[in-house]
Amino acid sequence: YEECMSIPLFIAAAVAEIAGCFAFFAWWRGAASTLWLVPGLLSLVAFAWLLALAPVDAAGRAYAAYGGIYIAAALVWLWTAEGIRPDRYDVLGAAICMIGAGVILFSPRGA
């Protein structure tokens, strides 16, 4: 049950991380106002806080499982925020990563 509770936290953390990094990207590469850095930094703080809330037994395991969800979320961002539709290789790669995240997150652990 606790592993299932991690998934919404990982999704929220991914959105916060991507939004924060995108704000920095928009400022640095897109010539957006430096004011973009304020919500970007707040979003990155929210990302770290959300990821720390995940009920996983070890930080490294949380980060590894989160990685697969982050990759899928980044492709959703690519499509919805940047207007670039992921190709079949993007989707295949994300599916492989999600399977890996599932193995890490839902495998039975010894006592």
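Note that these values count all heavy atoms, side chains included, but never hydrogens, waters or copies made by symmetry. Note that the coordinates shown come from a computational prediction; the quantities given were computed from them, not determined experimentally.
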Review point. Can you find a heavy atom in the side chain of F10 that is under 4.5 Å from one in the side chain of L50?
Key: no
Check your understanding: Is L78 reachable from I71 through a run of I, L, V, M, F, W or Y residues, each pair having side-chain heavy atoms under 4.5 Å apart?
Key -> no
Check your understanding: From R61 CZ over to L105 CG, what is the distance, rounded to the nearest 0.5 angstrom?
Key -> 10.0 Å
Point to revise | Side chain to side chain, Y63 and L51, heavy atoms closer than 4.5 Å | key: yes
Practice item. Over all heavy atoms of both residues, which pair between A72 and A94 is shortest? Give the atoms and the distance, please. Key: CA-CB, 4.3 Å
Check your understanding: Taking only residues at least two apart or on different chains, which pairs with a member in residues 16-32 satisfy side-chain hydrogen bond (donor to acceptor under 3.5 Å, both in side chains)?
Key -> E17-Y66
Exercise for review: Indicate yes or no for a side-chain donor-acceptor contact from S43 to the backbone of A16 under 3.5 Å, with no hydrogens or angles considered.
Suggested key: yes
Review point. Quick one: are F22 and W36 in side-chain contact, heavy atoms under 4.5 Å?
Key: yes
Exercise for review: Consider only side-chain heavy atoms of I, L, V, M, F, W and Y, link residues closer than 4.5 Å, and tell whether L9 and V76 are in one cluster.
Suggested key: no
Check your understanding: How long is the span from the CG atom in L44 to the CD1 atom in I18, to the nearest 0.5 Å?
Key -> 11.0 Å
Review point. Where do D90 and P86 come nearest, in terms of heavy atoms and distance?
Key: OD2-CA, 3.3 Å
Review point. What distance separates I99 CD1 from I104 CD1, expressed to the nearest 0.5 Å?
Key: 12.5 Å
Check your understanding: Atom CG in L75, atom SG in C97: separation rounded to 0.5 Å?
Key -> 9.0 Å
Review point. What are the two closest non-hydrogen atoms of G68 and M98, and how far apart are they?
Key: O-SD, 3.3 Å
